[in-house]
K.L.:
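Sending over a structure as C-alpha coordinates; questions will come in a sec.
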Amino acid sequence: MPELPEVETICRHLRDGNSANPSILGFIIKNTQVLWPRSLATPSVEEFSSRLPGQAIKQISRRGKFSILTLTTDTILIHLRMSGDLLVEAVDAAPAVHTRILVNFRNGMRLAFNDTRKFGRMWLVNEPELVTGDLGPEPLAPNFTADDLFKRLKATRRQLKPLLLDQTFLAGLGNIYVDESLNLAHLHPLENSQHINEQQTLCLWNSIRQVLNAAILRNGASIDWVYRGGDFQNYFRAYDREGKACLDCGAPIQRIKVGQRGTHFCPQCQQLSK
DNA sequence: CACGAGACCTGTTCGC
DNA sequence: TGCGAACAGGTCTCGT
(Lines give C-alpha, C1' and ligand atoms only; values in the text may rest on other atoms or scores of the structure.)
Protein backbone atom coordinates (compact mmCIF):
# COMPACT_ATOMS: atom_id res chain seq x y z
CA MET A 1 0.00 0.00 0.00
CA PRO A 2 2.44 2.65 0.96
CA GLU A 3 4.65 4.88 -1.09
CA LEU A 4 6.61 7.86 0.21
CA PRO A 5 3.61 10.02 1.27
CA GLU A 6 1.91 7.17 3.12
CA VAL A 7 5.11 6.12 4.88
CA GLU A 8 5.77 9.75 5.80
CA THR A 9 2.25 10.00 7.24
CA ILE A 10 2.72 6.83 9.29
CA CYS A 11 6.10 8.00 10.61
CA ARG A 12 4.65 11.37 11.59
CA HIS A 13 1.88 9.66 13.52
CA LEU A 14 4.40 7.52 15.38
CA ARG A 15 6.61 10.52 16.07
CA ASP A 16 4.04 13.22 16.82
CA GLY A 17 1.08 11.15 17.95
CA ASN A 18 -2.46 11.68 16.68
CA SER A 19 -5.98 11.89 18.03
CA ALA A 20 -6.00 8.19 18.90
CA ASN A 21 -2.46 7.64 20.16
CA PRO A 22 0.53 9.36 21.74
CA SER A 23 3.97 9.65 20.20
CA ILE A 24 6.06 6.56 20.88
CA LEU A 25 9.24 8.63 21.26
CA GLY A 26 10.93 7.73 24.52
CA PHE A 27 8.98 4.52 24.97
CA ILE A 28 11.12 1.72 26.36
CA ILE A 29 10.85 -1.78 24.93
CA LYS A 30 9.83 -4.54 27.31
CA ASN A 31 9.77 -7.50 24.94
CA THR A 32 8.72 -8.63 21.47
CA GLN A 33 6.58 -11.25 19.76
CA VAL A 34 7.31 -12.46 16.25
CA LEU A 35 4.13 -14.09 15.00
CA TRP A 36 5.34 -14.63 11.42
CA PRO A 37 9.12 -15.22 11.36
CA ARG A 38 9.54 -14.43 7.65
CA SER A 39 8.47 -10.85 8.35
CA LEU A 40 11.76 -10.45 10.20
CA ALA A 41 14.51 -10.01 7.61
CA THR A 42 17.32 -10.03 10.16
CA PRO A 43 18.49 -11.09 12.72
CA SER A 44 17.10 -14.40 14.00
CA VAL A 45 13.96 -14.33 16.14
CA GLU A 46 16.06 -15.26 19.18
CA GLU A 47 18.54 -12.43 18.68
CA PHE A 48 15.74 -9.97 17.91
CA SER A 49 13.99 -10.77 21.17
CA SER A 50 17.17 -10.65 23.25
CA ARG A 51 18.64 -7.42 21.84
CA LEU A 52 15.58 -5.19 22.11
CA PRO A 53 14.43 -5.20 25.76
CA GLY A 54 15.56 -2.06 27.58
CA GLN A 55 16.19 0.01 24.44
CA ALA A 56 14.27 3.26 24.02
CA ILE A 57 12.81 4.83 20.87
CA LYS A 58 15.12 7.79 20.35
CA GLN A 59 14.15 9.00 16.91
CA ILE A 60 11.66 8.22 14.13
CA SER A 61 12.46 9.00 10.51
CA ARG A 62 11.89 7.92 6.92
CA ARG A 63 14.21 7.14 4.02
CA GLY A 64 12.46 6.32 0.74
CA LYS A 65 9.75 3.86 1.72
CA PHE A 66 11.59 2.72 4.86
CA SER A 67 10.40 3.68 8.33
CA ILE A 68 13.37 4.02 10.66
CA LEU A 69 13.24 3.71 14.44
CA THR A 70 16.52 4.79 16.01
CA LEU A 71 16.94 3.03 19.34
CA THR A 72 19.38 3.42 22.20
CA THR A 73 21.99 1.22 20.54
CA ASP A 74 20.36 -0.39 17.49
CA THR A 75 18.10 0.62 14.62
CA ILE A 76 14.83 -0.94 13.48
CA LEU A 77 13.94 -0.50 9.80
CA ILE A 78 10.56 -1.42 8.39
CA HIS A 79 9.44 -1.75 4.78
CA LEU A 80 5.66 -2.07 4.46
CA ARG A 81 5.76 -3.28 0.82
CA MET A 82 2.20 -3.76 -0.50
CA SER A 83 0.00 -4.19 2.53
CA GLY A 84 1.95 -3.37 5.69
CA ASP A 85 0.88 -1.02 8.43
CA LEU A 86 2.21 0.20 11.77
CA LEU A 87 -0.22 0.71 14.63
CA VAL A 88 0.09 1.78 18.25
CA GLU A 89 -2.25 -0.08 20.58
CA ALA A 90 -2.65 -1.41 24.11
CA VAL A 91 -0.63 -4.54 24.91
CA ASP A 92 -3.66 -6.29 26.34
CA ALA A 93 -5.67 -6.06 23.10
CA ALA A 94 -6.00 -9.22 21.02
CA PRO A 95 -3.63 -9.04 18.04
CA ALA A 96 -5.36 -8.46 14.69
CA VAL A 97 -5.55 -11.41 12.29
CA HIS A 98 -2.69 -10.09 10.16
CA THR A 99 -0.37 -8.90 12.91
CA ARG A 100 3.13 -10.24 12.16
CA ILE A 101 5.41 -8.64 14.78
CA LEU A 102 4.69 -6.94 18.12
CA VAL A 103 7.06 -4.64 19.97
CA ASN A 104 5.73 -4.26 23.51
CA PHE A 105 6.66 -1.27 25.65
CA ARG A 106 6.98 -1.04 29.43
CA ASN A 107 4.13 1.48 29.63
CA GLY A 108 1.41 -0.88 28.43
CA MET A 109 1.44 0.21 24.80
CA ARG A 110 2.83 -1.70 21.83
CA LEU A 111 3.79 -1.17 18.20
CA ALA A 112 2.07 -3.66 15.89
CA PHE A 113 3.42 -4.50 12.45
CA ASN A 114 0.39 -5.71 10.51
CA ASP A 115 0.78 -7.05 6.99
CA THR A 116 -1.95 -8.95 5.17
CA ARG A 117 0.15 -10.13 2.26
CA LYS A 118 3.31 -10.89 4.25
CA PHE A 119 5.55 -9.02 1.79
CA GLY A 120 6.69 -6.47 4.37
CA ARG A 121 9.95 -6.82 6.31
CA MET A 122 11.53 -5.61 9.52
CA TRP A 123 15.29 -5.38 10.14
CA LEU A 124 17.21 -4.91 13.38
CA VAL A 125 20.75 -3.67 12.68
CA ASN A 126 23.57 -1.62 14.14
CA GLU A 127 24.13 0.26 10.94
CA PRO A 128 21.00 1.39 8.99
CA GLU A 129 23.11 2.11 5.91
CA LEU A 130 23.42 -1.64 5.46
CA VAL A 131 19.73 -1.63 4.52
CA THR A 132 19.24 1.77 2.88
CA GLY A 133 22.67 2.15 1.30
CA ASP A 134 21.60 1.48 -2.28
CA LEU A 135 18.71 3.95 -2.31
CA GLY A 136 18.75 6.82 -4.74
CA PRO A 137 18.27 10.45 -3.70
CA GLU A 138 15.37 11.61 -1.56
CA PRO A 139 13.07 13.51 -3.95
CA LEU A 140 12.00 16.12 -1.39
CA ALA A 141 15.46 16.77 0.02
CA PRO A 142 16.60 20.39 -0.39
CA ASN A 143 19.86 19.24 -1.94
CA PHE A 144 18.16 17.18 -4.67
CA THR A 145 18.17 19.48 -7.69
CA ALA A 146 16.73 19.32 -11.20
CA ASP A 147 20.30 19.20 -12.41
CA ASP A 148 20.92 16.08 -10.33
CA LEU A 149 17.87 14.51 -11.93
CA PHE A 150 19.06 15.47 -15.40
CA LYS A 151 22.46 13.88 -14.82
CA ARG A 152 20.86 10.69 -13.57
CA LEU A 153 18.51 10.53 -16.55
CA LYS A 154 21.44 10.90 -18.91
CA ALA A 155 23.44 8.23 -17.12
CA THR A 156 21.08 5.51 -18.33
CA ARG A 157 18.78 4.69 -21.23
CA ARG A 158 15.59 3.32 -19.79
CA GLN A 159 11.84 3.88 -20.02
CA LEU A 160 10.69 6.53 -17.56
CA LYS A 161 8.08 4.45 -15.74
CA PRO A 162 10.31 1.52 -14.73
CA LEU A 163 13.16 3.96 -14.11
CA LEU A 164 11.19 6.08 -11.65
CA LEU A 165 9.99 2.93 -9.89
CA ASP A 166 13.62 1.89 -9.41
CA GLN A 167 14.47 2.82 -5.81
CA THR A 168 18.17 3.08 -6.61
CA PHE A 169 17.36 5.80 -9.15
CA LEU A 170 15.07 7.81 -6.88
CA ALA A 171 13.78 6.73 -3.46
CA GLY A 172 10.13 6.66 -2.52
CA LEU A 173 8.04 6.72 -5.69
CA GLY A 174 5.70 3.80 -6.39
CA ASN A 175 3.10 2.96 -8.99
CA ILE A 176 0.63 5.70 -8.03
CA TYR A 177 3.02 8.60 -7.73
CA VAL A 178 4.99 7.74 -10.86
CA ASP A 179 1.79 7.81 -12.91
CA GLU A 180 0.73 11.05 -11.23
CA SER A 181 4.10 12.74 -11.74
CA LEU A 182 4.43 11.73 -15.39
CA ASN A 183 0.91 12.94 -16.16
CA LEU A 184 1.53 16.29 -14.50
CA ALA A 185 4.82 16.61 -16.39
CA HIS A 186 3.21 15.55 -19.69
CA LEU A 187 5.75 12.79 -20.25
CA HIS A 188 4.95 9.37 -21.71
CA PRO A 189 5.67 6.46 -19.34
CA LEU A 190 7.57 4.63 -22.08
CA GLU A 191 9.68 7.64 -23.07
CA ASN A 192 13.38 6.87 -22.98
CA SER A 193 15.41 8.79 -20.43
CA GLN A 194 17.88 9.76 -23.18
CA HIS A 195 15.17 11.75 -24.95
CA ILE A 196 14.39 14.02 -22.01
CA ASN A 197 15.81 17.52 -22.37
CA GLU A 198 16.63 19.98 -19.59
CA GLN A 199 13.32 21.77 -19.89
CA GLN A 200 11.39 18.51 -19.52
CA THR A 201 13.62 17.44 -16.66
CA LEU A 202 12.86 20.63 -14.75
CA CYS A 203 9.17 20.00 -15.34
CA LEU A 204 9.46 16.38 -14.13
CA TRP A 205 11.45 17.44 -11.08
CA ASN A 206 8.80 20.02 -10.20
CA SER A 207 5.98 17.57 -10.85
CA ILE A 208 7.41 14.85 -8.62
CA ARG A 209 7.88 17.25 -5.73
CA GLN A 210 4.51 18.91 -6.24
CA VAL A 211 2.67 15.57 -6.30
CA LEU A 212 4.51 14.19 -3.26
CA ASN A 213 4.00 17.36 -1.23
CA ALA A 214 0.31 17.52 -2.11
CA ALA A 215 -0.12 13.85 -1.15
CA ILE A 216 1.64 14.36 2.20
CA LEU A 217 -0.64 17.32 2.94
CA ARG A 218 -3.58 14.96 2.37
CA ASN A 219 -2.01 12.26 4.60
CA GLY A 220 -1.45 10.01 1.59
CA ALA A 221 -3.99 7.98 -0.36
CA SER A 222 -6.42 5.35 0.92
CA ILE A 223 -7.57 2.72 -1.54
CA ASP A 224 -10.15 -0.03 -1.20
CA TRP A 225 -9.95 -2.09 1.94
CA VAL A 226 -6.48 -0.76 2.76
CA TYR A 227 -7.55 2.41 4.50
CA ARG A 228 -5.20 4.75 6.29
CA GLY A 229 -7.17 7.91 6.70
CA GLY A 230 -5.56 9.87 3.89
CA ASP A 231 -7.71 11.25 1.09
CA PHE A 232 -5.30 11.98 -1.76
CA GLN A 233 -7.15 9.34 -3.82
CA ASN A 234 -9.76 12.05 -4.40
CA TYR A 235 -7.16 14.15 -6.19
CA PHE A 236 -5.68 11.58 -8.58
CA ARG A 237 -4.99 12.90 -12.09
CA ALA A 238 -4.23 9.59 -13.83
CA TYR A 239 -3.92 6.63 -11.46
CA ASP A 240 -7.08 4.49 -11.36
CA ARG A 241 -8.84 6.89 -13.75
CA GLU A 242 -8.98 4.78 -16.92
CA GLY A 243 -11.57 6.19 -19.33
CA LYS A 244 -12.08 9.36 -17.32
CA ALA A 245 -11.22 12.81 -18.65
CA CYS A 246 -7.66 14.06 -18.42
CA LEU A 247 -7.67 17.07 -16.13
CA ASP A 248 -5.59 19.04 -18.61
CA CYS A 249 -7.14 18.22 -22.01
CA GLY A 250 -10.26 16.13 -21.44
CA ALA A 251 -9.08 13.12 -23.44
CA PRO A 252 -9.84 9.74 -21.81
CA ILE A 253 -7.07 8.41 -19.58
CA GLN A 254 -5.62 5.21 -21.00
CA ARG A 255 -4.42 2.15 -19.10
CA ILE A 256 -1.58 -0.03 -20.34
CA LYS A 257 0.73 -2.58 -18.77
CA VAL A 258 4.36 -1.60 -18.25
CA GLY A 259 6.60 -4.15 -16.61
CA GLN A 260 3.60 -5.97 -15.12
CA ARG A 261 2.30 -2.77 -13.55
CA GLY A 262 -0.94 -1.05 -14.43
CA THR A 263 0.02 2.29 -15.97
CA HIS A 264 -2.30 5.24 -16.48
CA PHE A 265 -1.59 8.16 -18.79
CA CYS A 266 -3.18 10.67 -21.16
CA PRO A 267 -2.49 9.73 -24.80
CA GLN A 268 -3.03 13.38 -25.74
CA CYS A 269 -0.84 15.18 -23.19
CA GLN A 270 1.79 12.48 -22.79
CA GLN A 271 3.13 11.75 -26.25
CA LEU A 272 6.07 9.57 -27.11
CA SER A 273 8.78 11.43 -28.98
CA LYS A 274 9.60 9.93 -32.37
C1' DC B 1 22.60 -3.28 -19.78
C1' DA B 2 17.54 -3.25 -20.23
C1' DC B 3 13.54 -5.73 -19.97
C1' DG B 4 10.02 -9.41 -19.13
C1' DA B 5 8.38 -13.15 -16.40
C1' DG B 6 7.91 -15.56 -12.17
C1' DA B 7 7.98 -15.69 -7.16
C1' DC B 8 6.53 -14.21 -2.72
C1' DC B 9 1.27 -13.74 -0.22
C1' DT B 10 -3.76 -12.77 0.84
C1' DG B 11 -7.93 -10.60 -0.27
C1' DT B 12 -11.24 -8.27 -3.33
C1' DT B 13 -13.40 -7.50 -7.60
C1' DC B 14 -14.52 -8.71 -12.27
C1' DG B 15 -16.43 -11.50 -15.96
C1' DC B 16 -18.96 -15.32 -17.55
C1' DT C 1 -25.48 -17.05 -7.23
C1' DG C 2 -21.07 -19.26 -8.00
C1' DC C 3 -16.48 -19.76 -9.35
C1' DG C 4 -12.13 -19.02 -11.45
C1' DA C 5 -9.38 -15.30 -13.27
C1' DA C 6 -7.42 -10.98 -12.81
C1' DC C 7 -5.78 -7.62 -10.08
C1' DA C 8 -3.66 -4.91 -5.95
C1' DG C 9 0.24 0.92 -3.28
C1' DG C 10 6.67 -3.66 -3.89
C1' DT C 11 10.89 -5.83 -4.72
C1' DC C 12 13.91 -9.73 -5.68
C1' DT C 13 15.87 -13.12 -8.89
C1' DC C 14 16.49 -15.35 -13.10
C1' DG C 15 16.65 -15.78 -18.17
C1' DT C 16 17.19 -13.56 -22.69
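Computed over heavy atoms, backbone and side chain alike; hydrogens, waters and symmetry mates excluded. Numbered from 1 within each chain, the chains take letters A, B, ... in sequence-line order. Here the structure is a predicted model, which is why all the values come from computation and not from measurement.
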K.L.:
Tell me whether the OP1 or OP2 atom of B:dC9 has a side-chain N or O from A:T116 closer than 4.0 Å.
P.N.:
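It does not, given that no N or O in the side chain of A:T116 lies less than 4.0 Å from OP1 or OP2 of B:dC9.
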K.L.:
Take atom C1' in C:dG9 and the same atom in B:dC3, then report the distance between them in whole Å.
P.N.:
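Looking at atom C1' only, C:dG9 and B:dC3 are 22 Å apart.
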K.L.:
For B:dC9, does either OP1 or OP2 sit under 4.0 Å from a side-chain N or O belonging to A:H98?
P.N.:
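No, because none of the side-chain N or O atoms of A:H98 sits under 4.0 Å from OP1 or OP2 of B:dC9.
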K.L.:
Within less than 4.0 Å of OP1 or OP2 of C:dG9, is there a side-chain N or O belonging to A:K65?
P.N.:
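Negative; the distance criterion is not met.
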K.L.:
Of the options A:I76, A:T42, A:T132, which is the one that meets A:V125 in a side chain to side chain contact (heavy atoms under 4.5 Å, CB included)?
P.N.:
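Passing option: A:T42.
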K.L.:
A:F105 ring centre to A:R110 NZ or CZ under 6.0 Å, with the angle to the axis within 45°?
P.N.:
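No, a cation-pi geometry is absent between A:R110 and A:F105.
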K.L.:
Take the angle between the ring planes of A:F236 and A:Y239 and call it parallel below 30°, perpendicular above 60°, tilted in between.
P.N.:
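Perpendicular: the ring planes of A:F236 and A:Y239 meet at over 60°.
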K.L.:
Looking across every strand, which nucleic acid part, if any, lies under 4.0 Å from A:K257 by heavy atom: base, sugar-phosphate, or nothing?
P.N.:
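Here A:K257 touches the backbone only, sparing every base.
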K.L.:
Do A:R237 and A:D179 meet the salt-bridge criterion of a basic N to acidic O distance under 4.0 Å?
P.N.:
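Salt bridge: no.
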K.L.:
Under 4.0 Å from OP1 or OP2 of C:dT11: is there any side-chain N or O of A:H79 that close?
P.N.:
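Affirmative; the distance criterion is met.
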K.L.:
Would you mind reporting whether A:N31 and A:S49 have side-chain heavy atoms less than 4.5 Å apart?
P.N.:
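The answer is no, as the side chains (C-beta and beyond) never meet within the 4.5 Å cut-off.
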K.L.:
Can a donor-acceptor pair be found, under 3.5 Å and without considering hydrogens, that links the side chain of A:R100 to the backbone of A:L35?
P.N.:
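Not confirmed, A:R100 side chain does not pair with A:L35 backbone.
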K.L.:
Can you tell me, in whole Å, how much space there is between the P of B:dG6 and that of C:dA6?
P.N.:
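These two P atoms come out 12 Å apart once rounded.
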K.L.:
Just checking A:W123 against A:F66, ring centres under 6.0 Å apart?
P.N.:
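When the ring centroids of A:W123 and A:F66 are compared, they turn out to be within the sub-6.0 Å range.
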K.L.:
Is it true that atom CD of A:Q199 has more than 12 heavy atoms of other residues, nucleotides or ligands lying nearer than 6.0 Å?
P.N.:
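Open.
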K.L.:
For the backbone of A:P252 and the side chain of A:K244, can you confirm whether one donor and one acceptor N or O come within less than 3.5 Å of each other?
P.N.:
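Judged by distance alone, no pair lies under 3.5 Å.
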K.L.:
Take N1-N3 plus N6-O4 or O6-N4 for Watson-Crick, N1-O2 plus O6-N3 for G-U, both under 3.5 Å. Which runs of 3 or more such pairs involve DNA chain B?
P.N.:
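Stems for DNA chain B, defined as runs of 3 or more consecutive pairs: B:2-8 with C:10-16, B:10-16 with C:2-8.
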K.L.:
Please list, pair by pair, any protein nitrogen or oxygen found under 3.5 Å from a nitrogen or oxygen in nucleotides 5-8 of chain B.
P.N.:
from: B:dA5; atom 1: OP2; to: A:Q260; atom 2: OE1; distance (Å): 3.0
from: B:dG6; atom 1: N7; to: A:Q260; atom 2: NE2; distance (Å): 3.3

K.L.:
Taking only side-chain N and O atoms of A:Q167, does any of them lie within less than 4.0 angstrom of OP1 or OP2 on C:dG10?
P.N.:
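No, because none of the side-chain N or O atoms of A:Q167 sits under 4.0 Å from OP1 or OP2 of C:dG10.
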K.L.:
Without decimals, in angstroms, what is the distance between A:K161 NZ and C:dG9 C1'?
P.N.:
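After rounding, the reported distance stands at 11 Å.
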K.L.:
It should be established whether A:Y239 places a side-chain nitrogen or oxygen under 4.0 Å from OP1 or OP2 of nucleotide C:dG9.
P.N.:
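Looking at the OP1 and OP2 atoms of C:dG9, one of them is under 4.0 Å from a side-chain N or O of A:Y239.
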